[in-house]
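Values in this document were obtained by computation on a predicted structure and should not be read as measured data. Position 1 is the first residue of the sequence, and the numbers go up from there.
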Amino acid sequence: MIVYYTYFALCAALAVPLYLLKPSRLARAGYLALLFLYMFALASFRYNIGSDYYSYYYIYEKLTALPRLEIFRMGHAAITEYTGFYLEWGFLLLCEGSICLGLDIFGFYALVSALCLLPAAFLLYKNTPNAFLSAVLYMALFCFASTIDFVRQNLALGITLLGYPLLKRRDWRGVAGYLGVILCAVLVHQSMAVLLVALLVTRIPIKRWTLAAYAVLGAVCFFFSGPIMRFALQQLPAWLGLELRFAGYLKMLETMRGLRIDLSSLPILALIAWLVCYKQIKRLYPDDADVLTHLMILCCLFWLLAAHHEILARFTIHFTPYFALSIPMLVESFRPKGKAWYGAALGVALAVSTGYFLYGSHTGITMRGHVGMYVTFPYESFVPWINELPFIP
């Protein structure tokens with residue numbers, strides 16, 4: 001855990017000389033670059049960390065054993081049978097390119113880590129009003145833990161994060177462009193198709209009736225999650241002829257318990273505070289306010305579903321990084337009230353987020369027996385001398 005605590009210490013230590021004393025876009029870029037370089041090092045040198053670590057280890061070995069470009073001759077069905085996993089073409093092409101470059105599995109994980117972290121760093125650099133708080137939130141909300149736990153999903157997420165400027169646009173070019181982003185992301189992980197819902201609802205202005213409709217939807221998701229999921233994973237696939245594709249998820253739905261509802265506390269509390277301050281936030285950030293409101297609500301809806309079905313917590317990954325933008329904007333909405341109000345808001349945000357990280361990283365929540373919200377604790381590296389350092393694990 002100390003490697004993660006070190007990250008928070010770096011956030012504070014680097015903020016003063018690089019960001020707070022002389023705020024500028026260059027200082028923000030340098031600050032985020034150093035912090036994300038630290039996370040890149042953690043992700044690249046990790047060993048046996050993440051739910052799917054060995055799955056992709058064996059997949060990569062199997063693909064390496066094939067003649068180059070053999071995957072195109074085999075076809076998707078044969079590749080699925082050969083590897084034992086359903087893999088989208090985008091991920092297969094990334095693996096093939098990595099193998100052609102001569103990278104071993106550790107080099108491949110380093111490449112994947114870069115492709116996951118760079119879009120997140122760029123999103124924060126271009127959009128956050130407070131790089132210090134956003135950097136803290138990126139770790140505290142387990143965005144980094146998710147990056148090294150669910151590989152394909154976060155590769156696809158990186159593509160969608162780059163599409164955030166298109167999602168904010170209100171014209172047809174924005175819609176068409178973001179549809180293209182979703183298509184590219186789906187080629188890496190099919191779950192990104194859910195962002196079609198985000199594209200649709202973000203066209204809707206935030207009004208009282210919008211929030212009332214979301215409240216009703218939230219109640220339905222929480223109290224009737226069982227019938228909803230059986231329809232989504234059993235009846236709907238049967239109509240589309242995809243029963244076998246979703247059979248595994250249906251089994252997990254029946255056998256895995258839900259997440260503890262307290263683990264959704266920070267997203268839900270942030271959403272409530274955001275809605276209370278919405279008018280001021282809208283004045284300060286007119287292009288972001290409505291879009292982020294929808295994304296935050298969708299994230300909370302999936303948290304409510306995940307309270308009954310753990311597998312659905314994976315869909316929160318699609319939306320959680322946007323809290324690293326919205327919470328700093330929420331804090332900035334207190335700045336016009338004076339330094340005392342702003343300082344108090346910043347202090348509360350830092351205290352609650354770091355407390356959430358400490359609680360979530362020490363709480364066993366799944367039937368798989370691991371401790372913490374993701375399978376990322378404690379830290380272990382494939383480099384022997386790193387494991388011997390006094391601050392590891």
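- Within 6.0 Å of atom CZ in F8, more than 12 heavy atoms from other residues, nucleotides or ligands are found, so the atom counts as buried in its surroundings.
- In this structure the side chain of H189 never reaches within 4.5 angstrom of the side chain of F91, judged on heavy atoms.
- Note that CG of D287 is 9.5 Å distant from CZ of R170, once rounded to the nearest 0.5 Å.
- Within the 4.5 Å cutoff, no side-chain heavy atoms of Y7 are placed close to those of L42.
- Here the shortest heavy-atom pairing between S333 and Q280 reads O-CG, 3.5 Å.
- To the nearest 0.5 Å, atom CZ of residue R73 and atom CD1 of residue I79 are 10.0 Å apart.
- In terms of hydrophobic clustering, with Ile, Leu, Val, Met, Phe, Trp and Tyr side chains grouped at heavy-atom distances under 4.5 Å, I281 and W341 are assigned to a common cluster.
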Decide side chain to side chain donor-acceptor pair (under 3.5 Å) for R169 and Y178; before the verdict, give the C-alpha distance in whole Å, the side-chain angles of both, and the deciding distance to 0.1 Å. CA-CA 9 Å; R169 292 182 59 167; Y178 198 72; over 6 Å; no
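- For the residue pair F334 and C277, the shortest heavy atom distance occurs at CZ-SG, 3.8 Å.
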Do Y164 and D288 pass the side chain to side chain donor-acceptor pair (under 3.5 Å) test, and can you show the C-alpha distance, the side-chain angles, and the key distance before you say yes or no? CA-CA 10 Å; Y164 178 66; D288 298 270; 2.6 Å; yes
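- Ring-centre distance between Y53 and Y47: below the 6.0 Å cut-off.
- Side-chain contact between N130 and V331 is absent, with no heavy atoms from C-beta onward closer than 4.5 Å.
- Taken from CZ in R203 to NE2 in H294, the straight-line distance is 9.0 Å, to the nearest 0.5 Å.
- E88 contributes atom CD, which lies 8.0 Å from atom OG of S191 (distance to the nearest 0.5 angstrom).
- Residue L94 is grouped with residue W89 when hydrophobic side chains (ILVMFWY) are merged at heavy-atom distances under 4.5 angstrom, including chains of intermediate members.
- Residues C300 and Y214 fail the side-chain proximity criterion, which asks for heavy atoms closer than 4.5 Å.
- Within the model, atoms CG of D52 and CZ of F85 stand 7.5 Å from one another, a figure rounded to the nearest 0.5 Å.
- In this pair, F302 and F315 present their aromatic rings parallel. The plane angle is below 30°, not in the 30 to 60° band.
- In terms of modelled atom types and a separation under 3.5 Å, the side chain of T210 and the main chain of K207 share a donor-acceptor contact.
- Placement of V197 and I297 within a single hydrophobic cluster is found when ILVMFWY residues are connected by side-chain heavy-atom separations under 4.5 Å, directly or transitively.
- Below 30°, between 30° and 60°, or above 60°: for F357 and Y5 the angle between ring planes is above 60°, a perpendicular geometry.
- Distance CZ/F319 to CG/L301: 9.0 Å, rounded to 0.5 Å.
- When all heavy atoms are compared, the tightest approach of D290 to P205 is OD2-CA, 3.9 Å.
- Checking side-chain atoms of T128 against main-chain N and O of Y125 turns up no donor-acceptor pair under 3.5 Å.
- In terms of heavy-atom proximity, T147 sits nearest to Y138 at OG1-OH, 3.5 Å.
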